[in-house]
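Here is the structure we will look at.
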2 protein chains.
Amino acid sequence: MLSLTEENYLKAIYHLSEGGAKSVLTNDLAEAMCTKAASTTDMIKKLSAKALISYEKYYGVNVSAKGKQAALLIIRKHRLWETFLVQKLNFTWDEVHEVAEQLEHIHSVHLIDKLEEFLGFPTVDPHGDAIPDRKGNIKLLPQVGADQLKVGYQGTIIAVKDSDSNLLKYLDKIGAKPGKKLKVLAREEYDESMEIMIDDNKVFLSKDVSKNILVTA
Amino acid sequence: MLSLTEENYLKAIYHLSEGGAKSVLTNDLAEAMCTKAASTTDMIKKLSAKALISYEKYYGVNVSAKGKQAALLIIRKHRLWETFLVQKLNFTWDEVHEVAEQLEHIHSVHLIDKLEEFLGFPTVDPHGDAIPDRKGNIKLLPQVGADQLKVGYQGTIIAVKDSDSNLLKYLDKIGAKPGKKLKVLAREEYDESMEIMIDDNKVFLSKDVSKNILVTA
DNA sequence: ATATAATTTTAGATTGGCCTAAAAATTATT
DNA sequence: AATAATTTTTAGGCCAATCTAAAATTATAT
Ligand SMILES: [Mn+2]
Ligand SMILES: [Mn+2]
Ligand SMILES: [Mn+2]
Ligand SMILES: [Mn+2]
């Protein structure tokens with residue numbers, strides 16, 4: 001059984017290794033966890049001893065198959081709870097992450113399976129992120145940050161980054177929701193800001209915003 | 001903000017002091033918490049420093065007004081979550097306590113208020129225990145253990161003790177549920193066993209069982 | 001290639017929650 | 001009232017998770 005802290009480190013390692021094929025570095029993990037590098041090294045040793053990650057001294061860590069599965073089961077819980085909060089308790093999508101950070105550590109397989117059933121087996125959470133199944137399998141759609149797009153691109157918003165509450169409020173205001181059509185009208189190379197069309201609304205976005213909108217690749 | 005451990009001790013102190021007017025003793029608290037007396041003394045000092053309990057060395061503790069309110073807000077969460085698990089996720093009443101022990105420590109006033117609304121402002125949990133309101137007020141009905149009853153008593157089951165899963169399964173089997181009519185037909189003084197009528201079913205109960213059935217006083 | 005800078009690890013300390021063993025205080029028994 | 005038994009507290013230590021400061025290693029720049 002993993003402690004709450006071990007679960008949080010493992011999840012952070014998984015998220016940091018998503019996409020990139022490189023090892024997760026101690027300092028990056030420390031920053032993500034809001035702890036110091038020394039503390040992180042300690043935890044890396046613990047997770048490594050439990051075979052959840054592989055660790056090469058000075059060169060960072062990688063999640064093992066076992067670690068990936070454990071991480072995905074935590075993420076499954078996080079996303080099912082977020083879905084519950086929005087669909088059943090009428091939370092707004094900017095209110096759910098913090099509470100889900102706590103709820104994801106409740107230990108009960110029965111609970112989470114029943115919750116999933118109660119929600120009608122949702123496939124994505126309120127931010128568009130895929131929900132892993134009870135085995136820890138997840139199907140990731142190829143997706144890219146809107147900041148990477150070229151003028152003329154047309155596609156669909158798949159998901160948005162969910163950790164900043166104020167960003168989510170803004171995205172809600174401009175209608176940037178999973179499922180919406182997105183078209184790139186113009187792009188300013190100097191600051192990488194863009195003019196885009198979401199459904200029928202024209203908006204200007206700084207890179208700081210656009211990079212948090214994930215679209216079909 | 002209380003730690004999970006502090007919350008659990010405080011709740012245990014509150015429960016041990018329910019009914020009785022006497023102070024809660026260190027050994028009793030240690031037993032309830034499954035820890036040793038020495039550990040309990042440490043925690044008593046912490047809770048006392050936070051003014052949640054009053055502590056007289058060697059003579060035990062009493063919950064303060066502030067402590068009582070904090071305890072009742074934890075109990076509120078516990079009972080609302082139990083109600084959720086039974087009513088919405090189709091848990092049986094013997095499955096909910098353990099999970100609620102975890103869920104009661106989730107910190108979010110918004111969450112628990114929304115949950116209460118979602119459940120339709122229930123007044124009692126699946127075991128018949130009253131649910132405190134958002135201020136921490138609770139209305140306790142005068143109730144007594146069925147083991148105290150005399151032959152000829154007629155009344156209604158208010159609640160059942162909820163901590164033993166096997167007991168709950170048995171109570172379910174004999175139909176001993178909150179709201180049901182109960183009549184005492186006979187009582188054997190030697191072992192304090194009883195013959196009772198629940199609705200229209202006649203059952204024999206040992207004291208070990210009857211003491212967990214709470215009826216109108 | 002060497003010096004400097006950055007990163008990572010180790011060493012040693014702290015805090016919360018727990019323990020055992022010993023000391024102190026209270027309660028019960030003669 | 002003195003002694004014995006019980007309860008409670010204190011003393012000292014352990015483990016998990018954190019920190020700071022110092023040492024070790026790797027990366028970068030001359
Ligand atoms: Mn989230
Ligand atoms: Mn999400
Ligand atoms: Mn319960
Ligand atoms: Mn209950």
Side-chain angles (χ1 to χ4, degrees), chain A residues 1-14 16-17 20-63 67 70-71 74 101-102 104-107, chain B residues 1-14 16-17 20-63 67 70-71 74 101-102 104-107:
Chain A
M1 181 91 101
L2 298 184
S3 73
L4 186 145
T5 309
E6 288 170 329
E7 289 193 343
N8 280 333
Y9 271 93
L10 182 60
K11 191 165 54 105
I13 293 167
Y14 174 81
L16 287 171
S17 66
K22 290 195 292 288
S23 294
V24 173
L25 302 179
T26 301
N27 265 0
D28 293 346
L29 182 52
E31 195 193 344
M33 292 301 298
C34 299
T35 57
K36 298 305 164 82
S39 313
T40 301
T41 300
D42 285 348
M43 182 54 74
I44 283 173
K45 288 176 183 166
K46 281 181 62 180
L47 295 178
S48 182
K50 294 189 178 184
L52 296 161
I53 58 177
S54 63
Y55 172 41
E56 204 180 342
K57 238 178 165 183
Y58 290 102
Y59 292 92
V61 301
N62 289 92
V63 285
I74 301 166
E101 285 290 308
Q102 296 179 62
E104 72 188 6
H105 301 290
I106 303 293
H107 292 293
Chain B
M1 181 91 104
L2 299 184
S3 73
L4 185 146
T5 309
E6 288 171 329
E7 289 193 343
N8 281 333
Y9 272 93
L10 182 61
K11 191 165 55 104
I13 293 167
Y14 174 82
L16 287 171
S17 67
K22 290 195 293 288
S23 294
V24 173
L25 302 179
T26 301
N27 266 0
D28 293 346
L29 181 54
E31 195 192 344
M33 292 300 299
C34 301
T35 57
K36 297 305 165 79
S39 312
T40 301
T41 301
D42 285 348
M43 183 54 75
I44 283 174
K45 287 176 184 166
K46 282 181 62 181
L47 295 178
S48 182
K50 293 190 178 183
L52 296 162
I53 58 178
S54 63
Y55 171 41
E56 204 179 342
K57 237 178 164 182
Y58 291 101
Y59 294 91
V61 301
N62 290 91
V63 285
I74 301 165
E101 284 291 308
Q102 297 179 61
E104 72 188 6
H105 301 290
I106 302 293
H107 292 295

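To find a chain, count down the sequence lines: A is the first, B the second, and so on, and within it residues start at 1.
Expressed to the nearest 0.5 Å, how far CG of B:L10 lies from CG of B:L2 amounts to 6.5 Å. With rounding to the nearest 0.5 angstrom, the CD1 atom of B:I44 is 6.0 Å from the CD1 atom of B:I13. Interatomic distance, NZ of B:K11 versus CD of B:E101, reported as 3.5 Å (0.5 Å rounding). Atom-to-atom distance recorded for B:L47:CG and B:E7:CD is 10.5 Å, nearest 0.5 angstrom. Taking CG of B:D28 as the reference point, atom OG of B:S17 lies at 12.0 Å (rounded to 0.5 Å). Taking OH from A:Y14 and CD1 from A:I74, the interatomic distance works out to 11.5 Å, rounded to the nearest 0.5 Å.
When the side-chain nitrogen and oxygen atoms of B:T26 are compared with OP1 and OP2 of D:dT9, one or more of them lie within a distance under 4.0 Å. The side chain of A:N27 contributes no N or O atom lying less than 4.0 Å from OP1 or OP2 of C:dA6. Taking 4.0 angstrom as the limit, A:T5 places none of its side-chain polar atoms (N or O) nearer than this to OP1 or OP2 of D:dA16.
Between B:E104 and B:N8 there is a side-chain heavy-atom pair separated by less than 4.5 Å.
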Acceptor/donor pairs from residues 51-63 of chain A side chains to any protein atom, 3.5 angstrom cut, sequence neighbours excluded:
unit_1 : atom_1 : unit_2 : atom_2 : d
A:N62  : OD1    : A:S23  : OG     : 2.8

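Within residues 29-42 of chain A, the residues having any heavy atom closer than 4.0 Å to DNA chain C are, in order of number, A:A37, A:A38, A:T41. Of all the residues in residues 48-60 of chain A, A:Y58, A:Y59 reach under 4.0 Å from DNA chain D with at least one non-hydrogen atom.
Straight-line distance from the CE atom of B:M43 to the P atom of D:dT10: 16 Å, rounded to whole Å. Summarising the geometry, the separation between CG on A:L25 and C1' on C:dA6 is reported as 12 Å, rounded to the nearest angstrom. The CD1-P distance, from B:I44 to C:dG16, rounds to 17 Å in whole Å. In this structure, the CE atom of A:M1 is 16 Å from the P atom of D:dA16, given to the nearest Å.
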Open item on the list: Show me the dot-bracket string of DNA chain C, counting Watson-Crick or G-U pairs under 3.5 Å, with | for pairs to another strand and [ ] for crossing ones.
Closed with: ||||||||||||||||||||||||||||||
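When the side-chain contact (heavy atoms from CB on, under 4.5 Å) test is applied to A:A32, the partners found at least two apart in sequence or on another chain are A:L16.
Closest approach of B:A37 and B:T26 over heavy atoms only: O-CG2, 3.8 Å. The two atoms that bring B:E6 and B:M1 nearest to each other are OE1-O, 4.2 Å, heavy atoms only.
Of the possible donor and acceptor atoms, one in the side chain of A:T40 sits under 3.5 Å from a partner among the backbone N and O of A:K36.
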Protein-nucleic acid N or O pairs under 3.5 Å, nucleotides 1-5 of chain C:
none

TODO: For B:M43 and B:M33, run side chain to side chain contact (heavy atoms under 4.5 Å, CB included): C-alpha distance rounded to whole Å, both residues' side-chain angles, the deciding distance at 0.1 Å, then the answer.
DONE: CA-CA 11 Å; B:M43 183 54 75; B:M33 292 300 299; over 6 Å; no
